[in-house]
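Scroll down for the structure; my scribbles are underneath it.
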Amino acid sequence: MRQAEISRNTLETQIRVKVDLDGSGKSQLNTGIGFFDHMLDQIARHGCFDLDIEATGDLHIDGHHTVEDVGITVGQAFAKALGDKKGLTRYGHAYVPLDEALSRVVVDLSGRPGLEFDVSFTAGAIGALDTQLVYEFFQGFVNHAGVSLHIDNLKGRNAHHQCETVFKAFGRALRMAVTPDPRQAGVVPSTKGAL
């Protein structure tokens, strides 16, 4: 059962995340930031994960704490659902276009957090989402999921398209990485014997 449920409660946010890595792409999302919910839905749909997120945060200040803490909690949930990582493909990659925009995402379930993020958004906000917070979401995720993640927006003029290709490619790359490899059943995919 590659499922997990994590709650995170601070003075700034209260977040509950439930994930099923072997789902069908269903999601129930409520972060209070509409465009952010739309992006989280891309992860679920294109990753074929079932993802439930309920978040209450100090949006009267801004979206920073909510977006970052959702990233942290989603990362913790994925780490728990992956367990010992035996039999996984481990690496995943995807290129995703949307009209003029094109993004590439590469992930390694290495156990070592690392983020390389090369996205120059053409707008400061998309709906109520400050585009600077996209980086914060992924930084929170990699730190708590223990993955190496490379995100590159290769082309794009429309910030909505840029962002959507990033999240779709992330979902596809993560889906590839967490998929069981039948030739590696019961084996940790590392010469170290641990990830």
Side-chain angles (χ1 to χ4, degrees), residues 2-21 23-82 94 96 98 101 103 105 107 113 115 117 119 121-147 149 151 153 158-175 178:
R2 300 194 312 163
Q3 301 174 351
E5 185 167 359
I6 298 287
S7 293
R8 175 182 171 84
N9 295 297
T10 73
L11 296 177
E12 298 167 341
T13 61
Q14 296 78 49
I15 298 168
R16 183 188 59 81
V17 171
K18 185 176 180 182
V19 66
D20 181 352
L21 300 183
S24 60
K26 296 181 293 186
S27 65
Q28 292 185 339
L29 307 163
N30 184 16
T31 66
I33 305 171
F35 188 76
F36 186 40
D37 288 348
H38 182 47
M39 293 301 97
L40 294 168
D41 187 43
Q42 303 306 319
I43 298 172
R45 296 283 178 112
H46 295 277
C48 281
F49 309 123
D50 289 346
L51 186 60
D52 294 349
I53 300 175
E54 186 69 35
T56 303
D58 52 3
L59 296 180
H60 62 286
I61 296 173
D62 71 3
H64 192 289
H65 299 140
T66 298
V67 173
E68 180 180 34
D69 287 5
V70 167
I72 290 169
T73 313
V74 170
Q76 291 172 335
F78 268 82
K80 184 176 179 182
L82 285 171
V96 171
L98 175 56
S103 291
V105 174
V107 64
L115 176 63
F117 186 86
V119 181
F121 285 110
T122 59
I126 310 165
L129 179 66
D130 179 344
T131 52
Q132 293 183 93
L133 300 183
V134 175
Y135 174 88
E136 301 301 331
F137 168 79
F138 286 112
Q139 186 69 74
F141 178 87
V142 301
N143 284 346
H144 292 269
V147 304
L149 181 64
I151 297 174
N153 175 240
N158 180 292
H160 184 130
H161 294 170
Q162 290 176 291
C163 199
E164 192 160 327
T165 59
V166 164
F167 277 85
K168 286 178 176 177
F170 175 67
R172 297 289 301 188
L174 202 52
R175 176 181 176 182
V178 305

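Worth saying up front: this structure is predicted, and the values here are computed from it rather than measured.
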Just checking [X]: does its [atom1] atom have more than 12 heavy atoms from other residues, nucleotides or ligands closer to it than 6.0 angstrom?
X	atom1	answer
R2	CZ	yes
L11	CG	no
E12	CD	yes

Where do T10 and D69 land on the side-chain contact (heavy atoms from CB on, under 4.5 Å) test, with the steps shown first?
CA-CA 9 Å; T10 73; D69 287 5; 4.0 Å; yes
Measure across [X] and [Y] and return the closest heavy-atom pair with its distance rounded to 0.1 Å.
X	Y	result
A169	A94	O-CB, 3.6 Å
A77	A4	O-CB, 3.3 Å
A44	K26	CB-O, 4.2 Å
L29	S27	CD1-OG, 3.6 Å
R16	S7	CG-OG, 3.9 Å
E5	K80	O-NZ, 3.9 Å

CA sep, side-chain torsions, deciding dist, call: V19, L21, side-chain contact (heavy atoms from CB on, under 4.5 Å):
CA-CA 6 Å; V19 66; L21 300 183; 4.1 Å; yes
I'd like to know whether D130 forms a side-chain contact (heavy atoms from CB on, under 4.5 Å) with D62, so could you lay out the CA-CA distance, the side-chain angles of the two residues, the decisive distance to 0.1 Å, and finally the verdict. CA-CA 9 Å; D130 179 344; D62 71 3; 5.8 Å; no
Using atom types as modelled and distance alone, determine if a side-chain donor or acceptor of [X] lies under 3.5 Å from a backbone N or O of [Y].
X	Y	answer
T122	A159	yes
T131	G124	yes
D58	I61	no
D50	G25	yes

Do [X] and [Y] have side chains that get closer than 4.5 Å, going by heavy atoms?
X	Y	value
H38	F167	no
L174	V147	no
V17	L51	yes
S103	V96	no
F117	V134	yes

In Å, rounded to the nearest 0.5 Å, how long is the span from [atom1] of [X] to [atom2] of [Y]?
X	Y	atom1	atom2	answer
N158	F121	CG	CZ	11.0 Å
Q139	L115	CD	CG	5.0 Å
T66	E136	OG1	CD	13.0 Å
I72	F137	CD1	CZ	11.0 Å
R45	Q42	CZ	CD	8.0 Å
N143	L149	CG	CG	11.0 Å

Exactly one of V105, L133, V166 clears side-chain contact (heavy atoms from CB on, under 4.5 Å) with F138, and that residue is V166
Check the orientation of F141 and F170. Use parallel for under 30°, tilted for 30 to 60°, and perpendicular for over 60°. perpendicular
Under the side chain to side chain donor-acceptor pair (under 3.5 Å) rule, collect the residues that match up with Q3, sequence neighbours excluded.
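In terms of side chain to side chain donor-acceptor pair (under 3.5 Å), with neighbours along the sequence ignored, Q3 is linked to D20.
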Give the C-alpha distance, both sets of side-chain angles, the deciding distance and a yes or no for side-chain contact (heavy atoms from CB on, under 4.5 Å) between T13 and T73.
CA-CA 11 Å; T13 61; T73 313; over 6 Å; no
- So, Q14 and N9: side-chain donor and acceptor under 3.5 Å apart, yes or no?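 No.
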